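As structure tokens, the structure follows; a few thoughts come after it.
This one's a predicted model, so the numbers in the text were calculated from it and none came from an experiment. In what follows, chains are A, B, ... by sequence order, proteins preceding strands, each numbered from 1.
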Amino acid sequence: MLDIKQIRKEPDKVKELLSRRGADFKLDKLLDIDKIRREMLIKSEAIKAEQNKVSKLIPTLKKDGKDTKELFEEMKQLSDTAKELDFKIREIDDEISAFLLDIPNMPNENIAIGKDDKDNIEVRKHLEPTKFSYEPKAHWDIGVELGILDFERAVKITGSRFSMFKGMGARLERAIINFMLYTNSSEGGYTEISPPFMVNRKSMTGTGQLPKFELDAFGVRDTDYFLIPTAEVPVTNMHADEIIPGDTLPLYYTAYTPCFRAEAGSAGRDTRGLIRNHQFDKVELVKFVKPQDSYEELEKLTNNAENILKKLKLPYRVVELCTGDIGFSSAKTYDLEVWMPSYGRYVEISSCSNFESYQARRANIRYRDEEGKVQYVHTLNGSSLAVGRTFAAILENYQQEDGSVKIPDVLVQYLNGLTIITKEGL
RNA sequence: GGAAAGGUGGCUGAGUUGGCUUAAGGCGCACGAUUGGAAAUCGUGUGUGGGCUAAUACCCCACCGAGGGUUCGAAUCCCUCCCUUUCCGCCA
């Protein structure tokens, strides 16, 4: 969340930056109730100071046999007044905190101002879109024909927007995960984490999924737990309510998890194949860094994610998201988009963001700097990569005219030397 | 899921017949003294959040797992919840 002190100090700057997202957040109302709160707080604290003073005198008064009845009556009055004030302050606190939790992060000042994804900026490109001498097939056709994907049975077992990997499909998916994790830990220096796949409400709030986007998440019945929509949630919240020793920063983590998203609003788009499902696998990168390093770290993290695509020899481009398209908690985001022949365009496969102190403030993640001062860390994360979409991209970009699919070189060692998936080979 | 015990500052550990505790003592840590240097010893300091403020200076408020309550006053009494440990049950 945003810093209420900053909103007080430079309201115009905050308003201006937030307005670049294309919405109005009524900060004046927030500032009004904040002012009332502080006035009441000063009164309440003055009363408590008085109570403390008197309390220290009472034992002596009693010992001297003085009559304290009148004093007690006075103090009772004060105490009641303080309680009334505190009750109102608590109400305002709840109101302020609900308000702040619903306000998104301020976009970084330097990113492109825009309305939606049409205003995003292509930063760079790697490899040309794959060319075919025949009409390329979509991954859902390739996978089903090879018998490595089974959508019909997934729908039978669960429902629409679920998928199932079979035989070499399941093995290929596992190979992709292992390749990503291994590359991230051995080359990127990320520590591998295998976190819980369900988290509590506090964790979902810490990273920004709640309270505003509760409908997008799957809750677990009769509990207050949620299936994680991304490993970002458990891994970022690892350090919630902690003060991290400054000399241990930066911290790099990578985690493979399934991800569960209800995404009620997106029904109707990308209805076929692996692109938009309620459950998908993802390998995530998460960083905790010092504020002054966070933008350099974002570049490095994006490069780490790109590195996976490069090694897989998949054509992709890097897009800088404009102010109208960045996520709720993000200050700056690069999307990696892979070439998807069936779509005839690039499709998002990774999203790398710098959240600055926004999540750190929500989740209370701090560190002690060189001068011993406690301050909020900056958090970052990015997918490296979404596994289902990587699977789809491999099928589509590595497909052969006879319906088989070549295995990218870097994955061969994870498949015991297998170089091609054919129907006969199953 | 059942039973019991317990959650105190960076760690350890007192305090639970409510008020000389503004949380004792010890360890650790930081600085200083001592020393040729070190150890030992001695001294001083040692948290987080909030308010006020130019201030990361004073001062004030809050915090003994979390949240309520009783009281002039709560680490201490009451209620609810969470967690930990041990034992039992169930189970991969």
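The nearest whole Å value for the distance from the NZ atom in K202(A) to the C1' atom in rG65(B) is 13 Å. Distance CG (D86(A)) to P (rG69(B)): 10 Å, rounded to an integer number of Å. Distance K9(A) NZ to rA54(B) C1': 10 Å, rounded to the nearest Å. rC60(B) atom P lies 16 Å from atom CD1 of I42(A), rounded to whole Å. As rounded to whole Å, 14 Å separates atom P of rG49(B) from atom CE of M1(A).
Between N200(A) and rC82(B) there is no side-chain polar atom (N or O) within less than 4.0 angstrom of OP1 or OP2. Regarding contacts with the backbone of rU48(B), a side-chain N or O of R368(A) is found under 4.0 angstrom from either OP1 or OP2. Contact between the side-chain N/O atoms of S79(A) and the OP1/OP2 oxygens of rG73(B) is found at a separation under 4.0 Å. Contact check, K48(A) against rC61(B): no side-chain N or O comes under 4.0 Å of OP1 or OP2. Side-chain nitrogen and oxygen atoms of R90(A) include none within less than 4.0 Å of the OP1 or OP2 phosphate oxygen of rG67(B). Contact annotation: K83(A) does not reach the phosphate of rG69(B) (side-chain N/O to OP1 or OP2, under 4.0 Å). For R366(A) and rU48(B), the shortest distance from a side-chain N or O to OP1 or OP2 is not below 4.0 Å.
Open room surrounds CZ on R153(A); 12 or fewer heavy atoms of other groups in view lie less than 6.0 Å from it.
Taking the ring axis of Y252(A) as reference, the NZ or CZ atom of K287(A) stays within 45° of it and closer than 6.0 Å to the ring centre.
Comparing K76(A) and P59(A) along RNA chain B, the residue whose closest nucleotide (by nearest heavy atom) sits nearer the 5' end is P59(A). Comparing E45(A) and L71(A) by the nucleotide of RNA chain B whose heavy atom lies nearest to each, the residue mapping closer to the 5' end is E45(A).
Nucleic acid contact for V54(A): none, since no nucleic acid atom lies under 4.0 Å from a heavy atom of the residue.
For V374(A), taking side-chain heavy atoms from C-beta onward, the closest of the listed nucleotides rC72(B), rG50(B), rG49(B) is rG49(B).
Between the side chains of H239(A) and Y253(A), at least one donor-acceptor pair of N or O atoms lies under 3.5 Å.
Remark: aromatic rings of F218(A) and H278(A) are close, center separation under 6.0 Å.
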